[in-house]
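As the structure is a prediction and not an experimental result, all values here were calculated from the model. Both counts, for ligands and for their atoms, begin at 1 and track the order of listing. Side chains are part of it too, since the values below use all heavy atoms of this structure and drop only hydrogens, waters and symmetry mates.
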Amino acid sequence: MLYIVATPIGNLKDITLRAMEVLRSVDLIACEDTRHTKILLNHYAIHKPTTSFYQHNRFTKAEYLLGFLKEGKDIALVSDAGTPGILDPGYNLINLAIRNNIAMTLIPGPSALINALVLSGKPAHEFYFAGFLPPKRKARQNKLQELFRLKCTVICYESSHRILASLEDMEEIFGAKEIAVARELTKKFEEVTRASPRVILEKIRVARPRGEFVIAI
Ligand code: SAM
């Protein structure tokens, strides 16, 4: 069986009893980054074999893991943070397992997307998840223009080295519209700023915060 297991997005306490039970019971844990996941496993004294399953080995490794599952073994699939399958190589294994009739389940838990959506205070009854914005300016501006036409809340992920450029484009396209930018979700310095792109830009330019961001538009 393939157990897709959600893990914390920052606060190690955000792991369910069921997730821990599964991680203790499987034959193998497939991790995006074994060193990263070892921090969590060591914290909870979970001693199980791990293997790396990441962006660059996702096709060959998914086949290898499928072979393992076909032998009747149990695998837990975890990502670096949050729910596997959302913007990580987990999708490739899940899809391959479905096509090969492998039984699977998801042990639910955190996802940065949901925390940011709820904390943004934007309507959550209808929303669009846009993943990461394109890295190149022109493509990003086109994407933002497309997203601006949607009549619902839009959520996107952004890294610390592109947040300023993205906010500059948002200022150009959204004007003074209030957006929300969340960072360090579930961590000690969790912060959600609800303001216009310009105000958030100025704040970030001064404070130069690190970490990763989720933007709600
Ligand atoms: N699978 C993950 C999930 O369920 O949230 C998302 C993986 S995606 C590769 C990583 C992105 O999620 C980061 O670049 C950032 O935008 C967002 N993210 C993850 N943890 C976060 C946190 N604690 N605070 C803010 N954003 C976070």
Atom CZ of Arg210 with >12 non-hydrogen neighbours under 6.0 angstrom: no
CG-OG distance between Leu87 and Ser79, expressed to the nearest 0.5 angstrom: 10.0 Å
Shell of residues surrounding ligand 1, defined by a 4.0 angstrom heavy-atom cut-off that is strict: Ile9, Ala81, Gly82, Thr83, Ile86, Leu87, Asp88, Ser111, Ala112, Phe132, Tyr157, Glu158, Glu184, Leu185, Lys187, Glu212, Phe213, Val214
Non-hydrogen side-chain atoms of Pro84 and Glu32 separated by less than 4.5 Å: no
Among Leu41, Leu40, Asn42, side chain to side chain contact (heavy atoms under 4.5 Å, CB included) partner for Tyr44: Leu40
Other residues, nucleotides, ligands: >12 heavy atoms within 6.0 Å of Lys177 NZ: no
Ring-face cation of Lys73 near Phe68 (centre distance under 6.0 Å, axis angle within 45°): yes
